[in-house]
Amino acid sequence: MKTTHSSQLPTFADIRLMNLRLFRTGLLDEATEKIKQSSESDLKDLETVEKTDNPEALVNLYRKISYYKAKDALVEKILANQENTMPLLIARYLRSSHDKFIEQATLALGYCEEKYVDEVVDRYEEIRLDYAPWTNVNKVDRKK
């Protein structure tokens, strides 16, 4: 797609031309259907979070939820029941190598009671994997 200004973003005319090409080739309907399926999946994520009350199930959802509003709702539910959820979350946080989980759990840790953050700091040596996907789990050496 050719751009006509310095920021290298497509102009409105460029976008209209691209939509026309998609429409003529039949890809617009396909793209619209993909967006619709994605939206339905996002709403299911939010509904799942809203229906879940079990602390262990809430912590397990951290690996599965991708819709941003569902993530926000999940953090709120985790924080609303910190006494039951944070010990489970911390235990998983220390041993997890799942980047999506680590990212979400870190967000909850940023808003939880200070005692839970202190626990993670105290148990830092137990963290299985630093947040770096290229790190080899067996070769992590924090004592350097």
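Just so you know, these numbers come straight off a predicted model, no measurement behind them.
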Tell me, which pairs form a salt bridge (Lys or Arg N to Asp or Glu O under 4.0 Å) where one or both residues lie in residues 59-77, sequence neighbours left out?
Asp53-Lys77
Would a hydrophobic clustering, with Ile, Leu, Val, Met, Phe, Trp and Tyr connected at side-chain separations under 4.5 Å, put Leu58 with Ile90?
yes
Rounded to the nearest 0.5 Å, how far does CE of Met86 lie from SG of Cys112?
3.5 Å
Got a second to check how far Thr48's OG1 is from Leu61's CG, nearest 0.5 Å?
7.0 Å
Does Ser96 form a side chain to side chain contact (heavy atoms under 4.5 Å, CB included) with Arg128? I'd like the steps, not just the answer.
CA-CA 7 Å; Ser96 182; Arg128 177 178 179 205; over 6 Å; no
With hydrophobic residues grouped by side-chain heavy-atom distances under 4.5 Å, do Leu74 and Leu79 end up in a single group?
yes
Do you reckon Val59 sits in the same ILVMFWY cluster as Tyr111, going by side-chain contacts under 4.5 Å, direct or chained?
yes
Does Lys115 come within less than 4.0 Å of Glu119, counting only side-chain N to carboxylate O?
no
Answer yes or no: is there a donor N or O on one side and an acceptor on the other, between the side chain of Glu126 and the main chain of Arg95, under 3.5 Å?
no
Cluster question for you: counting only ILVMFWY and a side-chain heavy-atom cut-off of under 4.5 Å, with indirect links fine, are Tyr124 and Tyr116 together?
yes
Between Ala108 and Leu89, what is the shortest heavy-atom contact and its length?
CB-CD2, 4.5 Å
Tyr93: ring pair (Phe, Tyr, Trp, His ring centres under 6.0 Å) partners, not counting sequence neighbours:
none
Atom pair CD1/CG of Ile65 and Asn60 - distance to nearest 0.5 Å:
11.0 Å
Interatomic distance, OH@Tyr67 vs CG@Asp45, rounded to 0.5 Å, equals 9.5 Å
I want to check something: taking the side chain as every heavy atom from C-beta on, are Asn84 and Asn81 in contact at a cut-off of under 4.5 Å?
yes
Do you reckon Leu88 sits in the same ILVMFWY cluster as Phe101, going by side-chain contacts under 4.5 Å, direct or chained?
yes
Say you draw a straight line from CG of Leu107 to CD1 of Ile102; how long is it, rounded to the nearest 0.5 Å?
14.0 Å
Mind checking the CD-NE2 spacing from Glu103 to His98? Nearest 0.5 Å is all I need.
11.0 Å
